[in-house]
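One structure, as structure tokens, below. Some questions next.
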Amino acid sequence: MQHKIDYTKELNPAQLKAVQSTQGPYLVVAGAGSGKTRTLVYRVAYLVEKGVKPDEILLLTFTRKAAEQMLRRASHLLDARCEKVSGGTFHSFANMILRKYAKLIEFPNNFTIMDESDAEDVVNIVRVNLGLDHLEKHFPRKGALLDVISKSVNKSKDISEVLGLEYPQFAEWESAIKKIKEGYIRYKRAKSLMDYDDLLVFLKKLLHENKDIRLKLSGQYRYIMVDEYQDTNKLQADIVRLLASEHDNVMVVGDDSQSIYSFRGANFMNIIDFPKIYKGAEVIMLEENYRSTQQILNLTNEVIKNASSKFEKVLFTKKREGKSPVFVEARDENVQSKYIIQKVLELVDDGIMLKDIAVLFRAGWHSNDLEIELANHNIPFLKYGGQRFVEAAHIKDVLSYLRIAHNPDDQVSWHRALLLMRGIGQKTAGRITGQIIENKKGLEIDGDILKKSEDLRNLIDILRQINTDKALPGELVKEFLEYYEPILKTKYDDFHKRAPDLNSLERIAARYKSLEAFLTDMALEPPEKSVLEAGLKGKRDHAMTLSTIHSAKGLEWHTVFLIYVAEGHLPSYQSMDDKDAIEEERRLFYVAATRAKENLILLKPAIDRSARWMKSYSGGYAGSIFTEVSRFLQEGSIIERFMDVEKAGGDLDDVEFEDVFKV
């Protein structure tokens, strides 16, 4: 048969094998930058060109956009038939099937799908109906309750197990949370409601309990492809197994080394166990990398080689020229930030655009110091995977206290601070601000109002004692943080995750001699707004990227800086006692490093001043400590064998950076 597309010319040998392998089960292990999407696109076209009817092909992806783009590309390669292929997300496919067979799962076909906000509200209704709305103040809020319930469903685990592993702060409420989960299930059934998890639960139930439907659907979808298989949860893997039960013509594509979403319910073992579950499955390796230099790949190959469970693969590239990755030990967090700024300016001088530069990190708070330095030097950036530091609610909370101390007539800050207090609502807050500002009473608030809240009395006492003309910003932040800690724990279920930001705020404030200067810098116009107001909306050429590693997956940049490459940060201290968690941290490192095309620069501060917060929030140690290089670089002396090592000390403190990005 003469093909319209010359597959041999367009694909490398491994890709070609994946495209032309159509009968039976296949696992395509697609290494980073190896052309995974290209392979799927050409396979769709190949099947259609071979005469397979488009409606017999099912392409399951993790976003609707990904499916649409793949089918559009296949259509451009071949013809419009490819756009008739059944493509979409697991959830959209489940919705389509369940609407058709709703009666078999005892639902009307006009059932309502709730979004996350709706689901949270239903959880709250159930909590109230069960009389659990008057429990102690530390009982989880509706959003946290839904997270626990969803994890239980996605991971097919009991509530007690989910709490023990991921939400130990709620363990004392196990019995109540189980009742809420049971009530939530009953409420949804009674009201013909489904949340996102239910779509998968009921599709599996439909396929498992109705042999005729399973046979019909398996016969209809004779060729099944699944993208990013390493990110599937147990429910999704079970659904694929049931859909392919009559023919086993299933090809899953993914990379075990890039499985990093267990916190969303992804099951790493789905991809590892695929050859065991599908007897006779063939594993095809895509190892030729089209992104990075060989020097970068040598490092990443060595790191992933030490993984305990993996498919053996060695990435290679035809790009032979390149620089060795660089490891930089900076004196502290601020020198780490200044080193990055210095290198960014050098790269721009060499003609590299800001959009081609990224700084990646394990946790959102790792970039706090860098964000302030970038703003100070008018270097625009876009942050992904977590709020920008100065926009986070808990940072705004503490800044409101400092602004009141600096300007007692700041009504906006007073209003925010008052509504944080236990025992004070909108009406009382209005009375208080009226007395302080409109009636010019200052801190001499009426006694009957002071009786309403211990938090208010404590704040007034602090404000009376401090001398803003003499007190240093770092000392003020420290004092207000002691006041704020119990409020933080009451207001936010995830208070332990917010604590590092507050420690960053204290460290940044300690570099200032004046409260006014500190508050002015904190209020700097976000760089991305400057870009937009300059008429450059949508032109990301004018901003570099700051991103968590999780949000960077699938992306690439000319130069990548990976910060806080130290024990306790990457890997995270929260993973230290869990072998599986450490392995996922290894994969996070691998994902981050393989984002780089030409330059990979890994950094860590020699002194870690963030350690102090661990004492209050996790019972650990206190004080600044000297950091240790991440174990992923220590194994087999990787750091010495594959990297150039530099040190950055106090000399950077006095560098004057040119203000080249002012708009």
Residue Glu116 excluded, over 12 heavy atoms near CD under 6.0 Å: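 No, not enclosed.
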Side chain to side chain donor-acceptor pair (under 3.5 Å) partner of Asp255, the single match among Lys313, Arg587, Lys36: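 Exactly one pass, corresponding to Lys313.
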Validation row: Pro275, Val283 side chains within 4.5 angstrom (heavy atoms):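 In short, these two side chains touch, coming nearer than 4.5 Å.
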Neighbour count above 12 (heavy atom, 6.0 Å) for Gln23 CD: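 Result for CD/Gln23: enclosed.
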Ile284 vs Leu27, side chain to side chain contact (heavy atoms under 4.5 Å, CB included): CA-CA, chis, key distance, verdict: CA-CA 6 Å; Ile284 300 172; Leu27 167 60; over 6 Å; no
Side-chain heavy atoms of Met114 within contact of Met194, under 4.5 Å: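 No, every pair of side-chain atoms sits at 4.5 Å or beyond.
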By side-chain hydrogen bond (donor to acceptor under 3.5 Å, both in side chains) - contacts of Asn124 (at least two apart):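 Partners of Asn124 under the side-chain hydrogen bond (donor to acceptor under 3.5 Å, both in side chains) test: none.
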Ring centroid separation Phe93 to Tyr221 under 6.0 Å: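 Yes, they do, as the ring centres are separated by less than 6.0 Å.
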Contact check, side chains of Asn210 and Asp212, non-hydrogen atoms, under 4.5 Å: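 No, every pair of side-chain atoms sits at 4.5 Å or beyond.
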Phe107 and Phe111 aromatic ring geometry - parallel, tilted or perpendicular at 30°/60° bounds: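 Aromatic pair Phe111/Phe107 classed perpendicular.
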Lys597 backbone acceptor or donor facing Arg291 side chain under 3.5 Å: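 Looks like no, no N/O pair under 3.5 Å.
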Neighbour count >12 (heavy atoms, 6.0 Å) for atom NZ, Lys151: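 More than 12 within 6.0 Å, yes.
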Over-ring placement of Arg43 relative to Tyr223, 6.0 Å and 45° cut-offs: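 No, cation not above the ring by the 6.0 Å, 45° rule.
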Any side-chain heavy-atom pair of Thr39 and Val253 under 4.5 Å: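 Heavy-atom side-chain distance check fails, nothing below 4.5 Å.
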Note, Ile224 side chain near Asn249 side chain (heavy atom, < 4.5 Å):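 Not touching, per the 4.5 Å side-chain cut-off.
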Within 6.0 Å of NZ in Lys179, more than 12 heavy atoms from elsewhere: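 Incorrect, the count does not exceed 12.
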Side chain to side chain contact (heavy atoms under 4.5 Å, CB included) evaluation trace for Leu242 with Lys204: CA-CA 8 Å; Leu242 289 164; Lys204 178 185 173 182; 4.1 Å; yes
Lys181 and Ser152: CA distance, side-chain angles, deciding distance, side chain to side chain donor-acceptor pair (under 3.5 Å) verdict: CA-CA 10 Å; Lys181 179 184 177 182; Ser152 171; 2.8 Å; yes
Cation over ring face, Lys191 and Tyr187, 6.0 Å, 45°: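 Lys191 over Tyr187 ring: yes.
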Heavy-atom donor-acceptor pair, Thr300 side chain to Ala593 backbone, under 3.5 Å: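 No: the side chain of Thr300 does not pair with the backbone of Ala593.
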Between OH on residue Tyr564 and CG on residue Leu360, distance to nearest 0.5 Å: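 Between atom OH of Tyr564 and atom CG of Leu360 there are 15.5 Å.
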Step-by-step side chain to side chain contact (heavy atoms under 4.5 Å, CB included) determination, Tyr184 to Asp195: CA-CA 11 Å; Tyr184 179 57; Asp195 59 24; 2.8 Å; yes
Under-4.0 Å salt bridge between Lys53 and Asp55: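 No, no charged N to carboxylate O under 4.0 Å.
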Under 3.5 Å side-chain donor-acceptor pair for Asp227 and Thr61: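 The answer is no; no qualifying pair exists.
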Reference residue Met225; test side-chain contact (heavy atoms from CB on, under 4.5 Å); the match among Val85, Val250, Leu58, Ile57: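 With Met225 as partner, side-chain contact (heavy atoms from CB on, under 4.5 Å) holds for just one option, Ile57.
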Residues, nucleotides or ligands: over 12 heavy atoms within 6.0 Å of Asp6 CG: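 Yes, the 6.0 Å shell around CG holds more than 12 heavy atoms from other groups.
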Gln15 side-chain N/O to Asn12 backbone N/O, donor-acceptor pair under 3.5 Å: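 Pair found, side chain donor or acceptor close to backbone of Asn12.
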Axial cation check for Tyr42 ring with Arg73, 6.0 Å and 45° limits: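 So Arg73 doesn't make the cation-pi contact.
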Heavy-atom side-chain proximity of Ser292 to Asn289 below 4.5 angstrom: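 Yes - at least one pair of side-chain heavy atoms lies under 4.5 Å apart.
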Plane angle bin for His550 and Phe263 - parallel if under 30°, tilted between 30 and 60°, otherwise perpendicular: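 If you compare the ring of Phe263 with that of His550, the planes turn out perpendicular.
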More than 12 heavy atoms from other groups under 6.0 Å of CZ on Arg64: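 Check fails, neighbour count at 12 or below.
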Val560 vs Asn599, side chain to side chain contact (heavy atoms under 4.5 Å, CB included): CA-CA, chis, key distance, verdict: CA-CA 6 Å; Val560 168; Asn599 296 324; over 6 Å; no
Lys/Arg cation over aromatic Phe589: Arg586, 6.0 Å, 45° cone: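 Geometry flag: not set, cation outside 6.0 Å or 45°.
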Phe361/His366 aromatic ring centres below 6.0 Å: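 No, the ring of Phe361 stays outside the 6.0 Å limit from the ring of His366, centre to centre.
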